[in-house]
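A quick write-up on the structure given underneath.
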Amino acid sequence: MGRRRFRPRAALLVLLLLAAAVSGCASSPVAPYRGDAPRQETLFVIAGGWHTEIGIPAEAMPAALAEMRRAAPEARYFVFGWGQRDYYMAPHPGLGDLLGAGFPGPSVLLVIPVPEEPTAYFAGDARVFALPVSAPGLARLSQFLGGYVALDAQRRPRPLGDGPDRGSRFYASSGTYSLGNTCNTWTAEALHVAGLPVSASGVVFASGVTEQIK
C-alpha cells in the first residue's frame, strides 16, 4: 500500500543508532496487568521499516476517541501509531524534520480505522503479528492509549490533521518524544501494560519489539 510512515530513511536510522546510547525505559501511568485471566482477545503489532504500531478491536477503542469510532462505523479495528510530531506528520520529511526528531519534543498520535483484520489490511506493506491478550489486559491497553490523547479545555481530543490512510487522523499527544523514548519504546510499553511479557527497556528499533514477540 506504500504507506509513507513505513519508509525507512538513512538520516533517521542514524539518529536511532545514536538513540541506542541514551535509550531508557518508557514510564506509564497505567499499571501493567499482572493477572492470569485467559487470553481470549487479540491485538496486533504492525512493523514496517523502523516503525511499529499497535492495533486493537473497535470495541476496545479508548473513550477519549469515541467520536472517531462513531465517524467510522465500518471499522472493525483501530491502529495506533505514536511519534515525533513534525516528522510523523510531514508528507515529505526533509533534513530539518529528521534532525528535529533527534531532540525531545512534542509528539503526535496517529489513529487509523481498519475495516478488516490488520493481517489482511497491511499485507505486503508490513509484518503483522497477532497476539493473544486477556480482556483485562486489553482494557489496560485501551486506558494506556487514551492517556496519550491530549485534551483541550472542553476535555475533547485535539485533531491536528488527516493521516496518510483513508479516514485516519493525527491527534495531539500528551507524551514527549525523544531518542530515549521512540515509537518502538512506546509500542513495547503498550504491550507490557497489556500484560504481555515484553519489556520497553533498551528498545529503540522495531526489531527490539518484534524479537520479543516472535
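These numbers come from the heavy atoms of this one structure, side chains and all, not from hydrogens, waters or symmetry mates.
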Do [X] and [Y] have side chains that approach each other closer than 4.5 Å (heavy atoms only, starting at C-beta)?
{"X": "His51", "Y": "Tyr88", "answer": "yes"}
{"X": "Leu191", "Y": "Pro197", "answer": "no"}
{"X": "Glu41", "Y": "Ser134", "answer": "no"}
{"X": "Phe122", "Y": "Val79", "answer": "yes"}
{"X": "Val149", "Y": "Phe80", "answer": "no"}

Checklist entry - Side chains of Thr210 and Ser207: do they bring a donor and an acceptor to under 3.5 Å? => result no
Next on the checklist: Could you check, using the six-membered ring where one of them is a Trp, whether Phe129 and Phe44 have ring centers closer than 6.0 angstrom?
Outcome noted: no
Next on the checklist: As an exercise, state the distance from CG of Leu131 to CD1 of Ile213, rounded to the nearest 0.5 Å.
Outcome noted: 5.0 Å
Checklist outcome for this item: Rounded to the nearest 0.5 angstrom, the CG-CZ distance for Leu110 and Arg85 is 13.5 Å
Checklist outcome for this item: Contacts of Arg155 meeting side chain to side chain contact (heavy atoms under 4.5 Å, CB included) (sequence neighbours excluded), chain-then-number -> Leu151
Donor-acceptor contact below 3.5 Å, side chain [X] vs main chain [Y]:
{"X": "Thr119", "Y": "Val128", "answer": "no"}
{"X": "Thr185", "Y": "Val203", "answer": "yes"}
{"X": "Gln212", "Y": "Gly208", "answer": "yes"}
{"X": "Arg69", "Y": "Met61", "answer": "no"}
{"X": "Gln84", "Y": "Asp86", "answer": "yes"}
{"X": "Thr52", "Y": "Thr187", "answer": "no"}
{"X": "Ser142", "Y": "Ala139", "answer": "no"}
{"X": "Arg140", "Y": "Pro32", "answer": "yes"}
{"X": "His192", "Y": "Val198", "answer": "yes"}
{"X": "Asp152", "Y": "Pro157", "answer": "no"}

Using every non-hydrogen atom in the two residues, find where [X] and [Y] come nearest and quote the distance to one decimal.
{"X": "Cys183", "Y": "Trp82", "result": "CB-O, 3.0 Å"}
{"X": "Val193", "Y": "Leu141", "result": "CG1-N, 4.2 Å"}
{"X": "Ala188", "Y": "Ala200", "result": "CB-CA, 3.7 Å"}
{"X": "Ala47", "Y": "Ala126", "result": "O-CB, 3.3 Å"}
{"X": "Met68", "Y": "Tyr171", "result": "SD-OH, 3.6 Å"}
{"X": "Ala130", "Y": "Thr42", "result": "CB-CG2, 4.0 Å"}

Checklist entry - Considering residues, nucleotides and ligands other than Glu74, do more than 12 of their heavy atoms fall under 6.0 Å from its CD? => result yes
Item to check | Step-by-step side chain to side chain contact (heavy atoms under 4.5 Å, CB included) determination, Leu145 to Ile56 | outcome: CA-CA 10 Å; Leu145 296 171; Ile56 61 173; 3.9 Å; yes
Checklist entry - When you look at Phe144 and Glu189, which way does the side chain to side chain contact (heavy atoms under 4.5 Å, CB included) test go after all the steps? => result CA-CA 9 Å; Phe144 172 88; Glu189 182 61 23; 3.9 Å; yes
Checklist entry - Which residue pairs satisfy the salt bridge (Lys or Arg N to Asp or Glu O under 4.0 Å) criterion with at least one member in residues 196-214, sequence neighbours excluded? => result Glu211-Lys214
Next on the checklist: Over 60° means perpendicular and under 30° means parallel, so tell me whether Trp186 and Tyr148 are parallel, tilted or perpendicular.
Outcome noted: perpendicular
Item to check | Residue among Leu109, Ile112, Asp162 satisfying side chain to side chain contact (heavy atoms under 4.5 Å, CB included) with Arg169 | outcome: Asp162
